[in-house]
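Here the structure is laid out as C-alpha cells; the discussion comes afterwards.
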Number of protein chains: 2
Amino acid sequence: MSLSGIFPIDRWNFTTQSILNILSEEDYQILVDNQSEQKYQKGDVIFREGSVPSGIFLVRSGKIKKYKVDQIGKEQIIYVANKGELIGYHAVLAEERYPDSASALESSSLSFIPKEDFFEVIHRSPSFTQKLLKALSHEFTVLANSISVFAQRTASERLAIALIVLREKYKDDNTAGHEIILNISRTDLANIAGIAQENVIRLLKEFKAEGILQTEGRKIIIKDIKLLIKRANYR
Amino acid sequence: MSLSGIFPIDRWNFTTQSILNILSEEDYQILVDNQSEQKYQKGDVIFREGSVPSGIFLVRSGKIKKYKVDQIGKEQIIYVANKGELIGYHAVLAEERYPDSASALESSSLSFIPKEDFFEVIHRSPSFTQKLLKALSHEFTVLANSISVFAQRTASERLAIALIVLREKYKDDNTAGHEIILNISRTDLANIAGIAQENVIRLLKEFKAEGILQTEGRKIIIKDIKLLIKRANYR
DNA sequence: CTGATAACACGATATTTATCAGTTTTTTAT
DNA sequence: ATAAAAAACTGATAAATATCGTGTTATCAG
C-alpha cells in the first residue's frame with residue numbers, strides 16, 4: 001500500500017530515494033563498482049560527529065542510523081538509511097565536518113567511496129549533479145517535515161509516525177510471510193521519536209490494545225496500518 | 001561577536017549564507033538584475049503550502065517566515081529568511097509542490113525569478129550548480145541541527161536558541177545604537193520555538209530577571225549574550 | 001545449556017508544559 | 001488624539017511526559 005494514496009502527499013513525505021536510481025551506467029561504475037565492501041556489526045560506528053570526512057558511504061545491506069548525542073548523553077536519531085542510500089555526502093559537499101554520527105542499527109555492509117571519486121563524477125557529469133541537486137532538495141523538504149512533527153506533535157503521534165516510516169524501511173526485509181516486522185529496540189525507537197523509552201513501551205501497549213500492532217519480544221508486527229495512520233493524525 | 005568563537009562550530013550551525021555571495025557577475029545579471037521588485041506588508045502571503053511553484057524569490061529587504069500549519073491551525077515556523085536569501089528554490093529543484101508556506105514577518109521587498117531563468121543559470125554554469133550543491137548541503141546540516149533541538153531540548157532551551165539565532169538575523173537592522181533589538185511578536189517567537197505563547201512570555205520574564213534581556217513593548221533587547229548562551233546550553 | 005547481561009515492562013511520583021479565563025498594555029487606524 | 005483592535009501579560013488548573021525504582025523476560029557469549 002502506497003502512503004501517497006492515503007495522505008495528502010506533501011504533508012507525508014518522509015522517505016528519500018535510493019541514490020542508485022539516479023546513477024547512469026557509467027557513473028555507477030566509477031562510484032559503486034570496484035569499491036571494497038566492509039561489514040559492520042550492530043552498534044559499530046561508521047563515522048563520528050565532528051570528524052573530517054574523507055569520502056562517502058553506500059549502504060549495500062542493513063540499516064544505518066544517523067544521530068546526534070547531546071551533553072547528557074541522550075541520543076537523537078535523525079535518519080535511518082536503508083539499502084541503496086548514500087551517507088556522509090552532505091558533509092563532503094558542504095566541505096564541513098560530520099554534523100552527526102553514524103552507526104549500524106543491524107548487521108550491515110557498506111562500500112566506501114573516496115571523496116575524489118565522488119567529486120570526479122560530479123565534475124564529469126552535469127546530469128548526475130542535477131539529479132543530486134534534485135535529490136538533495138527533496139531530502140530537504142523531508143527534513144523540514146520532521147521539524148514540524150517534532151515541534152508540534154504529541155508523543156503518541158510522533159511514535160505512530162516513526163512506526164509508519166520504519167514500516168516502509170523494513171518492507172523489503174521480511175522474505176518469509178507477508179507481514180512487515182520491525183526488528184528494532186525500544187531504545188532506538190525512543191531515540192527516533194524523541195520520547196522516553198518507558199513511554200515507548202506504554203504507548204506500544206496502547207497500540208497493541210487497539211489492535212494496531214503485535215509484539216514478539218523486541219519484534220513489532222504492524223497489523224493495522226490504517227489505524228496506525230489514524231493515530232498519527234489524531235487530534 | 002561570532003558564535004563560532006564560542007561554540008563547538010558543528011553543534012551550533014544555525015545560519016545559512018546569502019545566495020548573493022555565491023553568484024558570479026554574469027549569473028547575478030540573469031538572476032537578479034532586471035527582475036521586478038514587489039513589496040509585501042507584514043502578514044502578506046508569498047506562497048502557500050501545496051501550490052505549484054513557478055519560480056523562486058530573492059529577499060531584497062525585510063524578513064520572510066517559512067512555516068507549516070497543522071490540522072488544528074497551529075503554525076510552526078521552520079525558517080526565517082533574511083535579506084539576500086532565496087526562498088522557494090527547494091521545491092523548484094525537487095520538482096515538487098511547496099512543502100511549506102511563506103509570508104512576510106515584517107514589511108519586505110522581494111524579486112521574483114521565473115524558474116526558467118533559474119534553470120538556465122543552472123544549465124549554463126556548472127560552477128553555480130556546484131556552489132548551490134554546497135549551499136544546499138550546508139542548509140541540510142543546519143536543518144538536522146534543528147531536529148535534535150526540537151526533539152530533545154526543554155522549552156527554555158529552545159527559546160534561548162531561537163533568540164540566539166534571531167539575534168544574528170536582526171544584527172544588521174539596527175542602524176541607530178549598538179544594541180541588537182528583536183522586533184518580533186511573542187506569537188511568532190512561540191511558533192519558532194515550538195512552545196505556547198504564554199510560556200514565551202513567562203520565560204522572557206525569567207530571562208529578564210536574570211539580566212539576559214530587556215523588553216520594550218514587543219521589542220526584545222538582548223543585553224547579555226553569554227548568559228543567553230549559557231541558558232541554551234544549560235542542564 | 002546456562003549464567004550474565006541487556007532489554008523490556010510497569011507503577012508511582014515529580015516535573016514540565018499547555019490550556020483556560022481573564023486583565024492590562026500596546027499598537028493601529030481613523 | 002482617540003477609539004478599537006490586537007498583542008502582551010497573569011494566575012490557576014489540567015494534561016502530558018519524564019524520571020525513578022524495581023521486577024521480569026529475552027538475548028547472547030562461552
Side-chain angles (χ1 to χ4, degrees), chain A residues 41-44 70-76 104-107 149-160 162 181-209 213-221 231 234-235, chain B residues 41-44 70-76 104-107 149-163 181-209 213-221 231 234-235:
Chain A
Q41 292 301 309
K42 191 202 285 190
D44 285 354
D70 72 9
Q71 305 97 311
I72 57 164
K74 227 177 181 178
E75 174 182 304
Q76 176 60 40
L105 208 54
E106 58 188 44
S107 299
V149 166
F150 278 114
Q152 304 207 312
R153 300 300 189 117
T154 64
S156 68
E157 287 174 323
R158 294 212 299 262
L159 180 62
I181 298 170
L182 312 186
N183 191 357
I184 189 169
S185 77
R186 304 297 179 265
T187 304
D188 280 328
L189 254 181
N191 294 340
I192 291 173
I195 59 184
Q197 174 256 23
E198 294 96 323
N199 254 333
V200 168
I201 290 166
R202 270 184 278 266
L203 289 167
L204 284 179
K205 202 169 125 187
E206 268 185 41
F207 290 178
K208 214 155 120 181
L213 51 83
Q214 282 178 8
T215 57
E216 262 175 45
R218 63 147 37 191
K219 294 195 179 77
I220 297 166
I221 303 124
R231 213 57 165 73
Y234 178 79
R235 253 199 220 246
Chain B
Q41 292 301 307
K42 190 202 286 191
D44 286 355
D70 72 9
Q71 306 96 311
I72 58 165
K74 227 177 182 178
E75 173 182 306
Q76 176 62 38
L105 206 56
E106 57 188 45
S107 298
V149 166
F150 277 114
Q152 302 207 312
R153 301 297 190 121
T154 64
S156 67
E157 288 174 322
R158 294 210 300 261
L159 181 61
I161 290 168
L163 289 174
I181 298 169
L182 312 186
N183 191 356
I184 189 170
S185 78
R186 305 296 177 264
T187 304
D188 280 327
L189 254 181
N191 294 341
I192 291 173
I195 59 184
Q197 173 256 25
E198 295 96 324
N199 256 333
V200 168
I201 290 165
R202 271 184 276 266
L203 289 167
L204 285 179
K205 205 168 121 186
E206 267 185 42
F207 289 178
K208 215 155 118 181
L213 51 82
Q214 282 177 8
T215 56
E216 263 174 45
R218 64 146 39 191
K219 293 194 180 78
I220 297 165
I221 303 122
R231 214 56 163 75
Y234 179 79
R235 254 200 218 246

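Below, chains carry the letters A, B, ... as their sequence lines are ordered, and counting in each starts from 1. Quick note: numbers below take in every heavy atom, side chains included, and nothing from hydrogens, waters or symmetry partners.
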R202(A) side-chain proximity, nearest of dA18(C), dA7(D), dT19(D): dT19(D)
Among dT17(C), dA9(C), dA18(D), the nucleotide that comes nearest once only the side chain of A155(B) is considered: dT17(C)
Hey, does the side-chain of E198(B) have a donor or acceptor N/O within less than 3.5 Å of a partner on the base of dC20(C)? yes
Are any of N199(B)'s side-chain N or O atoms less than 4.0 Å away from OP1 or OP2 of dT17(C)? no
Is there a side-chain contact between D70(A) and Q76(A) (heavy atoms, below 4.5 Å)? no
Nucleotide nearest Q197(A) when distance is taken to its side chain, options dA18(C), dA8(D), dC8(C): dC8(C)
Check: L204(A) and R186(A) side chains under 4.5 Å, non-hydrogen atoms: yes
If you count the non-hydrogen atoms of other residues, nucleotides and ligands that lie under 6.0 Å from CD in E206(A), is the total more than 12? yes
Strictly under 4.0 angstrom, non-hydrogen atoms only: write out the protein contact profile of nucleotides 22-30 of chain C, one letter per nucleotide from the 5' end, B, S or -. -----SS--
Using whole Å, what does the distance between atom P of nucleotide dA7(D) and atom CG of N183(B) come to? 13 Å
Using atom CD1 of I184(A) as one end and atom P of dA7(C) as the other, report the distance to the nearest whole Å. 13 Å
Contact check, side chains of I220(A) and L189(A), non-hydrogen atoms, under 4.5 Å: yes
Quickly work out the E75(A) CD to dA7(C) P distance and round it to whole Å. 12 Å
Strand partner of dG30(D), provided both Watson-Crick or wobble distances fall under 3.5 Å: dC1(C)
For atom CG of L203(B) and atom C1' of dT10(D), their distance in whole Å: 14 Å
For Q152(B) and dT17(C), what is the distance between atoms CD and P respectively, to the nearest whole Å? 14 Å
Tell me, do L159(A) and N199(A) make a side-chain contact under 4.5 Å, heavy atoms counted? no
Spacing between R153(B) atom CZ and dT16(C) atom P, to the nearest angstrom: 16 Å
Between dC8(C) (C1') and L189(A) (CG): distance, integer Å: 12 Å
Side chains of E106(B) and I184(B), heavy atoms from C-beta outward: is any pair under 4.5 Å? no
Hey, does I195(B) have a side-chain heavy atom less than 4.5 Å from the side chain of L203(B)? yes
Calculate the interatomic distance between D70(A) atom CG and dA18(D) atom C1'; express it in whole Å. 14 Å
Nucleotide of dT17(D), dT19(C), dC9(D) approaching I201(B) most closely (side-chain heavy atoms): dC9(D)
Can you find a side chain N or O atom of K205(B) that sits less than 4.0 Å from OP1 or OP2 on dT10(D)? yes
